[in-house]
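One structure below.
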Amino acid sequence: MSRLELFTPGKDQLMIESLYKTLEQRIVASPPGLCPVDMTRAFIEMCHAQTCGKCTPCRVGLLQLKHMLTDVLNGEADYDTLDLIEETAASIMQTADCAIGFEAARMVWRVSHTCRDDFEGHIRNKRCTCMTSQPVPCVALCPAHVDIPGYIALVHAGRYADAIQLIRKDNPFPATCGFICEHPCEARCRRNMVDTSVNIRGLKRAASDLAGTVPPPPCAPSTGKKVAIVGAGPSGLASAYYLQLMGHQVTVLEMLPKLGGMLRYGIPNYRLPKDQLERDTDAILATGVKVIHNVKIGMDVKLDDLRRDYDAVLITIGASTDKKLGLPNEDAPGIMSAVGFLRNVSLGNNIDLTGQDVAVVGGGNVSMDAVRTAVRLGAKKVSIVYRRRTVDMTALPAEIEAAIAEGVELKTLVAPAGIELDESGHVSGLRVTPQMISKIKDGRASVTASGAEEYVIPCQTLIVAIGQNIETSHYQESGIPVERGKIVTLPNGGFNGIPDVFAGGDCASGPATVIKAIAAAKVTAANIDEYLGYHHDITCDVEIPEPEISDPTPCGRVELTEREACERKNDFDAVENCMSEKEIAQESGRCLRCDHFGFGIFKGGRERLW
């Protein structure tokens with residue numbers, strides 16, 4: 001008789017594993033706008049199924065929570081039920097024997113506090129209203145609310161110019177975003193339930209590449225109003241585009257010789273070819289927007305002068321200055337900010353790094369741009385110095401992988417502690433203190449000194465990429481409210497007591513993505529239009545193809561290919577390749593058309609104007 005036997009999963013266990021996988025896909029594809037009461041009830045029911053049943057708080061308490069949440073969901077509870085839910089959850093937290101009961105009850109307690117209005121709405125209305133207002137996930141998660149299913153359908157039909165026109169209704173930078181958008185729209189794509197998300201950014205890139213030159217729509221009749229916009233970055237130019245379409249005459253004042261702001265002077269050419277940026281800026285200028293270059297507010301012109309000469313003023317300056325490490329010797333030769341370094345390269349003032357060791361401090365997308373640029377300028381060895389882990393970096397995973405492929409070394413869990421200089425006073429190394437991972441605070445793991453000995457990372461060039469600041473002194477002197485280095489606006493982008501001045505983009509939000517800057521531009525453009533006494537609509541008359549009625553077949557996602565690392569690291573040419581027409585047809589065909597089936601239809605389908 002056998003003493004022991006090897007365990008082989010039975011059919012029931014394999015089925016449960018498959019169920020967990022499906023549940024994981026459902027969670028990934030959860031759209032915004034779900035009912036918090038319904039989701040909490042489903043969560044607590046799953047937790048009750050996982051409990052061992054040894055202690056009463058788990059076995060009985062979680063079941064009672066589920067029954068009370070069901071009553072709230074069905075409109076059968078009263079306000080006393082909400083108090084009982086909180087008391088029961090708190091009791092389970094204090095008495096449960098293990099983490100299953102504690103964490104489940106803690107989540108219920110947090111949701112009942114944070115989403116109190118939703119719970120009370122179920123009691124007041126005697127029903128759930130969330131189901132009739134769920135948005136299309138990709139559109140809701142796009143800060144600019146671009147009609148993503150619409151333009152994907154147009155791409156699938158081969159109508160690339162129409163796709164660009166539809167994108168421009170909400171985003172006048174389709175070519176630019178086709179290269180560098182961080183695509184938050186893909187995070188909750190419902191296609192995740194079938195296989196994985198649609199490559200939305202890649203399809204935008206394909207539409208832009210194949211559409212050719214697409215002229216902007218005609219402008220509304222002139223209103224006779226004049227608007228000055230300070231800053232020619234994505235937010236300023238997008239606002240200028242929409243205000244010009246509304247019939248107002250816009251003049252953009254820019255301190256640098258070319259348009260684009262950080263798009264031109266902060267993002268290297270290998271990530272965003274400048275001819276692609278110019279396709280977007282040329283379309284914006286074609287509406288009649290005027291530009292005055294080499295003008296700096298506070299030096300060449302005062303804000304009060306602009307207020308006198310124009311009917312409205314919009315401030316959209318970018319985060320163009322750097323943050324310091326706060327270490328001695330930080331002003332030594334060989335030390336520079338990532339913003340200044342990338343701007344010099346964009347202006348053609350390339351720094352010869354041939355044969356040098358280069359260290360870059362930081363873990364964001366700017367630091368990745370800096371290290372990959374240093375590689376292309378001939379550096380012998382390039383290192384990223386980051387105080388947390390690789391998984392904690394705020395840079396896109398694809399950017400980190402690309403940097404590693406090009407030979408960049410990641411030195412993680414080390415914190416800058418000092419700067420070493422050579423005999424001539426030039427930087428020779430960065431002294432670092434080893435760190436170890438520690439407690440999780442606000443959802444992110446913190447670090448603390450590990451106690452290991454400090455050491456020096458040799459470098460002849462040290463680039464600091466730990467954040468950016470905004471030049472706000474002149475605006476503060478002119479009465480614009482500034483707090484912690486940012487311009488403080490009302491939700492509409494305006495200010496109390498200064499009705500003709502607005503602000504948006506990085507200067508109001510802090511450094512953000514291009515699509516968030518464009519979203520801010522829509523807000524400020526609409527509210528400036530209202531301030532000037534108008535209510536123009538921005539719309540697009542492109543007809544969207546009807547969806548194909550067919551069951552989705554699981555299909556792999558088409559990824560954009562890249563030039564080989566050994567080739568691309570020697571120049572500044574574009575790294576990514578576009579999809580082929582066959583790949584475009586397959587990838588665009590994976591869209592589930594949530595704008596027609598299930599989502600959005602309760603609200604009347606897509607929003608055709610704003």
Side-chain angles (χ1 to χ4, degrees), residues 179-180 256-258 260-277 320-322 325 330-386 393 395-396 398-411 416 419-422 424-430 457-468 562-576:
F179 277 85
I180 63 166
L256 293 168
K258 291 188 177 181
M262 294 300 289
L263 294 177
R264 179 177 295 277
Y265 297 106
I267 299 178
N269 199 73
Y270 65 82
R271 272 221 300 143
L272 174 60
K274 296 309 175 279
D275 60 335
Q276 297 292 333
L277 172 61
S320 57
T321 60
D322 60 299
L325 289 170
E330 195 168 355
D331 296 327
I335 303 175
M336 63 193 77
S337 71
V339 173
F341 171 66
L342 294 171
R343 178 181 294 176
N344 280 328
V345 173
S346 296
L347 288 168
N349 305 323
N350 290 358
I351 302 169
D352 186 9
L353 300 178
T354 304
Q356 290 192 25
D357 291 338
V358 177
V360 177
V361 181
N365 285 323
V366 174
S367 67
M368 297 303 153
D369 289 341
V371 292
R372 296 179 70 186
T373 297
V375 168
R376 285 160 172 76
L377 294 178
K380 179 179 68 176
K381 181 180 179 181
V382 182
S383 304
I384 288 179
V385 180
Y386 188 58
M393 288 182 170
L396 291 173
E399 285 296 305
I400 299 171
E401 293 169 9
I404 293 172
E406 293 172 5
V408 174
E409 181 179 0
L410 268 60
K411 294 184 180 294
I419 296 170
E420 303 290 320
L421 305 179
D422 60 17
S424 64
H426 193 280
V427 63
S428 63
L430 178 66
I457 299 173
C459 60
Q460 291 78 54
T461 296
L462 176 62
I463 300 173
V464 180
I466 60 172
Q468 297 151 250
E562 295 183 341
R563 296 163 57 208
E564 291 188 12
C566 59
E567 171 194 340
R568 72 191 190 216
K569 70 178 185 180
N570 297 316
D571 58 48
F572 282 89
D573 294 341
V575 165
E576 279 188 336

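Each of Ile267, Leu277, Leu272 was checked for a side-chain contact (heavy atoms from CB on, under 4.5 Å) with Phe179, and the lone residue meeting it is Leu272. Residue Pro268 is tested with Val345, Leu342, Val575 for a side-chain contact (heavy atoms from CB on, under 4.5 Å); the sole match is Leu342. For the side-chain contact (heavy atoms from CB on, under 4.5 Å) with Arg271, the qualifying choice from Glu399, Met368, Glu576 is Glu399, the only one to do so.
For Gln460 (side chain) and Asp357 (main-chain N/O), a donor-acceptor pair under 3.5 Å exists by modelled atom type. A distance-only check finds no donor-acceptor pair linking the side chain of Glu409 to the backbone of Lys381 [under 3.5 Å]. Side-chain atoms of Tyr265 do not come within 3.5 Å of backbone N or O of Gly260 as any donor-acceptor pair. The main-chain N or O of Ser428 is never found under 3.5 Å from a side-chain atom of Asp422 such that the two would form a donor-acceptor pair.
Distance NZ/Lys380 to OG1/Thr354: 12.0 Å, rounded to 0.5 Å. For the atom pair CD1 of Ile335 and CG of Leu325, the computed distance is 8.0 Å after rounding to the nearest 0.5 Å. Interatomic distance, NZ of Lys274 versus CG of Leu263, reported as 8.5 Å (0.5 Å rounding). Here Asn344 contributes atom CG and Met336 contributes atom CE; the two are 8.0 Å apart, rounded to the nearest 0.5 Å. For the atom pair CZ (Arg264) and CG (Leu347), the distance works out to 10.0 Å, reported to the nearest 0.5 Å. Expressed to the nearest 0.5 Å, how far CG of Leu462 lies from CD of Glu420 amounts to 11.5 Å.
The shortest heavy-atom contact between Ile419 and Glu330 is CD1-CA, 3.7 Å. Of all heavy-atom pairs between Gly362 and Ser367, the closest is O-OG, 3.3 Å. The minimum heavy-atom distance linking Gly425 with Pro333 is given by the pair O-CD, 3.4 Å.
In this structure, the side chains of Phe341 and Val358 stay at 4.5 Å or more apart for every pair of heavy atoms.
Both cation-pi conditions hold for Arg376 and Tyr270: the charged atom is under 6.0 angstrom from the six-membered ring centre and inside a 45 degree cone around its axis.
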